[in-house]
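Just follow the structure's listing: the first ligand is 1, and inside any ligand the first atom is 1.
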Amino acid sequence: MEFPGRRNKFAQNPQTELYGQPLHFYGQPPLENISLTEFETFAVERLKLLKTVENLGVSYVKLSDQYIKKLDIEFKNLNFPYRADADDRKSQSGPSEYEKRRKDHISHFILRLAYCQTEDLRRWFIQQEVDLFRYRFNDLHPKLKLEFLHKNNLQYDAITVEEKRMLQDKLVNSSYGVSGITVEDQDFYKVPFQDALDLVRTRKVYLKAGYVYVPHQDIVTIVLNDFRTRLSKALALTARSLPAVHSDERLQPLLNHLSNSYLGQDYSIQKNVGKISLEQIDPLSGKSFPLCMRQLHQALRDNHHLRHGGRMQYGLFLKGIGLSLEQALQFWRSEFTRGKVDADKFDKAYAYSVRHMFGKEGKRTDYTPYSCMKVILSNPPSQGDHHGCPFRHSDHELLKQKLQSYKVSPSGINQILELVKGMHYQLACQKYFELTHNVEDVNFSLSHPNQYFVESQKVLGGGKDIKREMDTSQRSQGNNNSAARNSAAIREKTVAANTNASQDSAEMTEDLDSYFHDA
Ligand code: SF4
C-alpha cells in the first residue's frame, strides 16, 4: 500500500526526523508501503482510542486526574506513544517508541481518509483528535512544548519585564487564574487576537490594539486552535481526493467499513438462532431493546406495518438477537396481516425481503445487523418512517416526550438532552441504558444496538428475567387473548418472581443464560 504524492518533499525529511518529535501537527503524510492488514489494524486501534477519548470527555472533566489516568491506560494498551515516553528523550530512538510514533502518524492519516466523507464524520473526527492532542500537548515537558512551538512557526514573543510591569493591573484583572503574585513569575505572549479567538470569546485574556496577552499556561488554547484549523482544511482537501481513493477496490470497502464502523462483534453469529421465542419480543422490547428498536417495535405494533428502512433495521436486529428465518416470517406475517396486508399479499410482496435478509434470495448475502454508526449516519428517516436513531434523528421535544413516557426522570432527561446537544448520540444512549437499568456506570462503550441488548440481558440476569416476564405474560394471555399485543402494559409491568416455573421454561432460560454470558 502506498500513500501517493509529495515524494520529493518527504525525501528531504527522513522518517527518523519525522518521528523525532513526540508530537506534531501531522503536516507530512506517510509515504511508505504498508500491508493491508497493518492498514486496517492501525485504523481500528486509532478508532478505539478516539472512542475512548469521546467517552472520557463526557464522563470526566477533561485533563482531570481520572481522565488522564484512564487515557494513559488506553494509550499503553493500544501501544500509542504516551507521556512517559514523551518525557524520556533517551527512549525516543528506541525501536518501540519509533514504532508507536509511526503507528500514531499512519493511523491518523488513514482515519482522515475515512472521516473526511461527510460533515458529521469530519466534525466528530476533529473533536476527538483535538481532545487527544490537548492531552498529549499538556503532558509534554515544558522544554518540548517550546520546541514544538518553534518547529511549527508558533513563535510568539514574550513581552518584556518593563511592559509586564506597565500592564500588570490590566493583566491581573483580565487574565484567568493570574494574580498579582504570580504575574511576576510567568511569561505573557503577545499574540494576534485572531489566533486566540477562544480566549477572547471567553474573556480570559487582556486585549489591546489587535493583540492579546496570553499567559504561558493558556498557550495550549492557541495551539489547539491552530491544530483544529489545519485539520479542518486538511480534511476538506482529503475529501477532494476521495474519487481517486474510491477507485481502489482494496481501499473502498475498508474505508467505508471504518467510517460506518463500530469495534466489536457483528452480531451475525448463528449460535443463538431459535433462542428467543416470539412471545418474548413484547416484554424484551420494554426492558432490553435500545430506544431505536423499541420505537420500531412500537410503531410496528401500532400500525401493523413498517416501511423498508424500518423493516431492514428492525428485522436484522431481531435476527441478531436470535430469531430464525421461520420465526421472522411468522412474526412479520402475523403483524402485517393484522393491518391492511392480507396473507397472499404478504407472501408476494414482503416474504421475499425477509428471506433476502437471511441470505436466502438475491445475492444470498447473509446480512448483519446495523451498527449504531450505520443507523446514525446513513439513510435518515423522512415523514412516516420510524427507523434511524431517536437520539440523532428525533426532534428534541419529541425525544423528551418519548423519554417521559418511558418514565425517565426529569434530571435524567436533561442529562440525555445535553449529550444529544453535544452530538454524543451513543453516549446519550448509554445514559438511557444507565437510567433504565439503574446502574451507575456502564462498563462498555456502546457501538451496536445488539450490544445494548446483550449488555441489558447481562444486567437483568441473563434469561432469568425474561422467563419471569414470560410467565407473567402467559398468565395474562390466559385471562385475555389480546393481552400479548398490549405491549405497553406488558413492557411496563412489574415482574413478579415465579418459583413454580415449568421444566420447559427452565431449559429455555438456561440456554439464554449461556448465550448472553458467552456473547
Ligand atoms: Fe440505537 Fe445506537 Fe441510537 Fe442507541 S445509539 S438508539 S443503539 S442507533
_Side-chain heavy-atom pair S456, F433 within 4.5 angstrom cut-off_ = yes
*Assess C429: does it contribute an N, O or S atom lying under 2.8 Å from atom 3 (Fe) of ligand 1?*
no
If the cut-off is 4.0 Å to any non-hydrogen atom of [X], which atoms of ligand 1 fall inside it?
| X | value |
| --- | --- |
| V375 | 8 (S) |
| F391 | 6 (S) |
| P290 | 7 (S) |

*Heavy atoms only: which of S371, P449, C292 is nearest to atom 6 (S) of ligand 1?*
C292
*What protein heavy atom is closest to atom 3 (Fe) of ligand 1, reported as residue, atom name and distance in Å?*
C389 SG, 2.4 Å
*May I ask you to identify the nearest protein heavy atom to atom 2 (Fe) of ligand 1, giving residue, atom name and distance to one decimal place in Å?*
C372 SG, 2.3 Å
*Tell me, yes or no, whether the heavy-atom count around D395 atom CG, taken from other residues, nucleotides or ligands under 6.0 Å, exceeds 12.*
yes
A cation-pi test, strictly: NZ or CZ of [X] under 6.0 Å from the centre of the six-membered ring of [Y] and no more than 45 degrees from its axis. Yes or no?
| X | Y | value |
| --- | --- | --- |
| K62 | Y135 | no |
| R294 | Y406 | yes |
| R355 | Y352 | no |

*Decide whether the shortest distance between a heavy atom of Y452 and an atom of ligand 1 is less than 4.0 Å.*
no
*H424 ring center near F391 ring center (under 6.0 Å)*: no
